[in-house]
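Structure, as structure tokens:
It should be emphasised that the depicted structure is a prediction, and the values quoted were computed from it without experimental measurement. Numbering of ligands and ligand atoms starts at 1, following listing order.
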Amino acid sequence: MIELRNISKQFGDGVPIVALADVDLSVDAGEFVVVLGPSGSGKTTLLNMIGALDSPTSGSIVVDGTDVSQAGRKELFEFRRSSVSFIFQSFNIFPGLTAAENVQFGADATGRDDVDPAAILQSVGLGERVDQFPHELSGGEQQRVAIARALATGNPVMLADEPTGELDFITGVQILELLQKQAAEGQAVLVVTHNREISRIADRVVELSSGRIISDGPPAEGKAALEELHW
Ligand SMILES: Nc1ncnc2c1ncn2[C@@H]1O[C@H](COP(=O)(O)OP(=O)(O)O)[C@@H](O)[C@H]1O
Ligand SMILES: [Mg+2]
């Protein structure tokens, strides 16, 4: 579902900042993969490349059958609409829309007419916040609206950038459980985190350091069930 070959990304001119270097990565439909790395290691850059929100300096990216590194604007527009569901590190929910309207927007964007925003908000623990506007919600609640919107789009690839960053432990675990369920239902799910403990719930952890993949396999500390985690 996701196929990256030899991806490099540099920012700036003069002395370039190397954000990604020689990254090879394949993720299948139904896989739940955690990308682990410290701040500045290239995690957000990697997700932006996969979601066609930025383009690599070199290398090829094929996602859901689209050659993202070669596609034209029109093809990329369609790709972003119908192939990827994105949970942004900075939420990017609409301030003028209620929680339910933000979630409905996700469904509308992909043309789904079988989505019940209230039910999805309920699943992320916001059943009581359906008609609230973002400024009336806490940071953690806003993050969950962003997660609910991504769940509503239902595209084959789910990209989640630090989705539990603003959440307390219990809520974070609930969200990770939901994302695992999405993978079990066939979505290719990529979750980015700097938190090694969180990475232990995945069968597969891809570790980034200074823009390079330094390991790709089961968690080094052993796999843990959600209820065994603490952070
Ligand atoms: N638009 C940009 N312009 C210049 N440098 C950038 C830009 N985006 C990211 N970087 C740099 O690329 C590196 C990787 O950043 P990022 O992917 O955001 O890391 P992470 O998400 O792991 O914290 C960092 O050194 C960061 O400062
Ligand atoms: Mg980041």
Handout entry: Phe133, CZ atom: more than 12 neighbouring heavy atoms under 6.0 Å
Key = yes
Problem - Glu166 versus Gln143, side-chain donor and acceptor atoms under 3.5 Å - result: no
Practice task
Taking atom types as modelled, find out whether Thr45 and Asn48 have a side-chain donor-acceptor pair closer than 3.5 angstrom.
Solution key: no
Problem - Heavy-atom pair of closest approach, residues Pro134 and Leu97 - result: CD-O, 3.1 Å
Handout entry: Test log, rule side-chain contact (heavy atoms from CB on, under 4.5 Å), inputs Val145 and Glu141
Key = CA-CA 6 Å; Val145 173; Glu141 289 169 341; 5.7 Å; no
Completion exercise
The closest protein heavy-atom partner of atom 22 (O) of ligand 1 is Lys43 NZ, 2.8 Å
Practice task
Can you pull out the closest protein heavy atom to atom 9 (C) of ligand 1? Residue, atom name and distance to 0.1 Å, please.
Solution key: Phe11 CE1, 3.4 Å
Exercise for the section: Look up atom 27 (O) of ligand 1 and tell me if a protein heavy atom lies less than 4.0 Å from it? Expected result: no
Handout entry: Shortest protein heavy-atom distance from atom 18 (O) of ligand 1, along with the residue and atom involved
Key = Thr44 CB, 3.8 Å
Exercise for the section: Examine the proximity of ligand 1 to Ile17 and report which part, side chain or backbone, both or neither, has a heavy atom under 4.0 Å away. Expected result: side chain
Handout entry: Residues, nucleotides or ligands: over 12 heavy atoms within 6.0 Å of Glu128 CD
Key = no
Practice task
Determine whether any heavy atom of Ser39 lies closer than 4.0 Å to an atom of ligand 1.
Solution key: yes
Exercise for the section: Please name the pair of heavy atoms, one in Leu126 and one in Arg144, separated by the smallest distance, quoted to 0.1 Å. Expected result: CD1-CB, 3.7 Å
Handout entry: Nearest neighbour of atom 23 (O) of ligand 1 from the list Pro16, Gly42, Ser209, Gly40, on a heavy-atom basis
Key = Gly40
Completion exercise
Closest to atom 17 (O) of ligand 1 among protein heavy atoms sits Thr45 OG1, 2.6 Å
Problem - Top protein contact for atom 12 (O) of ligand 1, by heavy-atom distance - result: Ala19 CB, 3.5 Å
Practice task
For Thr110 and Ala152, work out which heavy atoms get closest and say how close.
Solution key: OG1-O, 4.4 Å
Problem - Atom indices of ligand 1 within 4.0 angstrom of Pro38 heavy atoms, with elements - result: 22 (O)
Exercise for the section: Please name the pair of heavy atoms, one in Val130 and one in Leu121, separated by the smallest distance, quoted to 0.1 Å. Expected result: CA-CD1, 4.0 Å
Problem - Donor-acceptor side-chain pairing of Asp161 and Thr44 below 3.5 angstrom - result: yes
Exercise for the section: Indicate, with yes or no, if Val23 and Val18 share a hydrophobic cluster defined by side-chain heavy-atom contacts under 4.5 Å among Ile, Leu, Val, Met, Phe, Trp and Tyr. Expected result: no
Fill in the blank from the handout: Counting only protein N, O or S atoms and ignoring waters, those under 2.8 Å from the Mg ion (ligand 2) are Thr44 OG1, Gln89 OE1
Problem - Any Gly12 heavy atom less than 4.0 Å from ligand 1 - result: no
